[in-house]
Protein chains: 2
Amino acid sequence: MWEEILAKYFNEKGLKKSVKRKKFIDFFFKADKHFSVDELYEKLGKKVSRSTIYRTLKLLKECGLVIEQKFEEKNRRYEPLHLSYHHDHLICLKCGKIIEFNEKKIENIQKKVAEKYNFKMVFHKLEIYGYCEKCQKS
Amino acid sequence: MWEEILAKYFNEKGLKKSVKRKKFIDFFFKADKHFSVDELYEKLGKKVSRSTIYRTLKLLKECGLVIEQKFEEKNRRYEPLHLSYHHDHLICLKCGKIIEFNEKKIENIQKKVAEKYNFKMVFHKLEIYGYCEKCQKS
DNA sequence: ATGAAATTGAAATTCATTTTCAAAATATAA
DNA sequence: TTATATTTTGAAAATGAATTTCAATTTCAT
Ligand SMILES: [Mn+2]
Ligand SMILES: [Mn+2]
Ligand SMILES: [Zn+2]
Ligand SMILES: [Zn+2]
């Protein structure tokens with residue numbers, strides 16, 4: 001799925017499949033988490049430079065395969081979007097664990113709120129911060 | 001209300017009431033919007049330095065009179081919280097207009113979602129991005 | 001294998017925010 | 001009021017994540 005989207009995009013833009021890009025993209029889609037650039041840099045054994053990571057993430061953003069998240073941290077996080085299904089996040093303030101959820105009821109009420117203010121919704125973000133099960137105990 | 005909280009905080013910390021601080025705080029609470037530091041700097045006729053604005057906002061954050069918002073922009077926005085009532089935001093992608101709303105139903109479902117994942121919610125943020133009434137027409 | 005075009009990483013740059021520090025303002029005591 | 005200790009200020013420097021530059025390297029169609 002994402003391979004096809006990517007192949008199409010690379011073709012259109014005349015991009016080349018380099019060793020570094022492959023290495024990065026393979027890891028990123030396989031791991032399938034919410035990574036910071038630094039984490040990616042470390043996980044790839046520092047074999048792909050931050051410049052290249054930033055640049056490749058930009059490409060993936062452009063073809064809609066990555067969402068850049070600005071959570072309540074200083075640095076951004078990136079998550080692979082295989083199927084572009086929407087979800088929101090529970091984020092642990094202690095360990096950083098991220099739980100994804102999707103609540104149709106909330107989505108529907110959001111639509112009504114937008115309507116009420118004659119506002120044309122394009123996207124939204126809902127983040128719930130607190131403590132995960134583990135961190136409440138310890 | 002906020003004057004008392006502030007007075008108490010200043011007293012506890014042994015802070016002094018300077019001309020610049022008064023100027024900034026008076027403007028900020030009277031204007032009552034979601035400002036960036038640059039906007040505040042301009043609105044105050046560049047008579048209060050950015051350093052002092054950042055520093056004073058930090059004080060106000062510490063006594064809970066200001067919320068620092070990280071919207072989908074590079075710079076942060078600050079809003080005075082007179083009564084500390086919670087609300088969420090509709091944000092126009094074209095003109096930057098911010099509409100506040102509070103939907104009890106959403107808040108309740110959020111609590112249920114947190115419970116479902118055994119997550120102890122501390123705070124949340126819900127931002128709906130799109131186009132305001134005016135910007136849809138033009 | 002050749003050569004044009006794309007990609008790379010290190011270093012430089014950007015830009016919002018924070019920190020430093022010497023001068024100025026403020027509060028308290030004399 | 002004046003002296004004195006403490007806090008506050010703004011300019012400039014520092015920080016740090018993200019972006020850009022550029023010369024060297026890699027890719028790929030021929
Ligand atoms: Mn996610
Ligand atoms: Mn608000
Ligand atoms: Zn946790
Ligand atoms: Zn608008």
Side-chain angles (χ1 to χ4, degrees), chain A residues 3 6-28 34-63 65-79 96, chain B residues 6-28 34-63 65-79 91 96:
Chain A
E3 276 108 332
L6 207 56
K8 185 162 176 276
Y9 187 77
F10 268 55
N11 200 45
E12 280 171 0
K13 291 267 182 177
L15 301 174
K16 295 177 176 173
K17 290 172 208 134
S18 75
V19 168
K20 305 287 182 164
R21 279 221 269 245
K22 266 184 227 151
K23 183 165 184 166
F24 170 75
I25 291 173
D26 284 354
F27 172 79
F28 187 60
H34 305 75
F35 287 108
S36 68
V37 166
D38 255 40
E39 286 169 0
L40 288 165
Y41 180 64
E42 292 298 331
K43 293 279 185 185
L44 287 164
K46 307 186 183 182
K47 294 294 168 57
V48 181
S49 74
R50 284 167 224 267
S51 302
T52 298
I53 294 174
Y54 277 117
R55 277 188 287 232
T56 310
L57 285 169
K58 195 183 176 193
L59 294 179
L60 295 176
K61 272 191 281 175
E62 279 162 16
C63 47
L65 291 172
V66 161
I67 286 193
E68 186 180 65
Q69 302 281 9
K70 290 173 186 171
F71 295 141
E72 297 284 290
E73 295 176 286
K74 52 193 160 197
N75 46 15
R76 305 175 192 163
R77 289 191 174 272
Y78 299 85
E79 68 169 307
Chain B
L6 207 55
K8 185 161 176 274
Y9 187 77
F10 268 55
N11 199 44
E12 279 170 2
K13 293 268 181 176
L15 302 173
K16 295 177 177 175
K17 288 172 207 133
S18 75
V19 168
K20 304 288 181 161
R21 283 223 264 246
K22 267 184 226 149
K23 184 166 183 167
F24 169 76
I25 290 174
D26 284 354
F27 172 79
F28 186 61
H34 304 75
F35 288 108
S36 68
V37 166
D38 255 41
E39 285 169 0
L40 288 164
Y41 180 64
E42 293 297 331
K43 294 278 185 185
L44 287 164
K46 307 186 183 181
K47 294 293 168 58
V48 180
S49 74
R50 284 167 225 266
S51 302
T52 298
I53 293 173
Y54 277 114
R55 277 189 286 233
T56 311
L57 285 169
K58 194 183 175 192
L59 294 179
L60 295 176
K61 272 191 281 175
E62 279 163 15
C63 47
L65 291 172
V66 160
I67 286 194
E68 186 181 64
Q69 302 280 9
K70 291 173 185 172
F71 296 141
E72 297 285 290
E73 297 176 284
K74 52 192 160 198
N75 46 14
R76 304 175 193 164
R77 289 191 173 272
Y78 299 85
E79 68 168 306
I91 302 167

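Below, chain A is the first sequence line, B the second, and so on; all start at residue 1.
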Atom pair distance, as rounded to whole Å: [atom1] in [X] and [atom2] in [N]:
{"X": "B:Lys23", "N": "D:dT9", "atom1": "NZ", "atom2": "P", "value": "13 Å"}
{"X": "A:Lys22", "N": "D:dT27", "atom1": "NZ", "atom2": "P", "value": "8 Å"}
{"X": "B:Lys74", "N": "C:dT14", "atom1": "NZ", "atom2": "P", "value": "13 Å"}
{"X": "A:Lys20", "N": "C:dA6", "atom1": "NZ", "atom2": "C1'", "value": "16 Å"}
{"X": "B:Asn75", "N": "D:dG16", "atom1": "CG", "atom2": "P", "value": "20 Å"}
{"X": "B:Lys61", "N": "C:dT17", "atom1": "NZ", "atom2": "P", "value": "10 Å"}
{"X": "B:Ile53", "N": "C:dA16", "atom1": "CD1", "atom2": "C1'", "value": "13 Å"}
{"X": "B:Tyr54", "N": "D:dA14", "atom1": "OH", "atom2": "P", "value": "19 Å"}

Comparing nearest nucleotides in DNA chain D, the 5'-proximal residue of the pair A:Asp38, A:Ser51 is A:Asp38
Base, sugar-phosphate, or nothing: which does [X] touch, judged by heavy atoms less than 4.0 Å apart?
{"X": "A:Val37", "answer": "nothing"}
{"X": "B:Lys46", "answer": "nothing"}
{"X": "B:Arg76", "answer": "sugar-phosphate"}

Answer yes or no: side-chain N or O of A:Arg50 and base N or O of D:dT20 forming a donor-acceptor pair under 3.5 Å. no
Residues of residues 9-18 of chain A with a heavy atom under 4.0 Å from any atom of DNA chain D, listed by number, are A:Lys16, A:Lys17
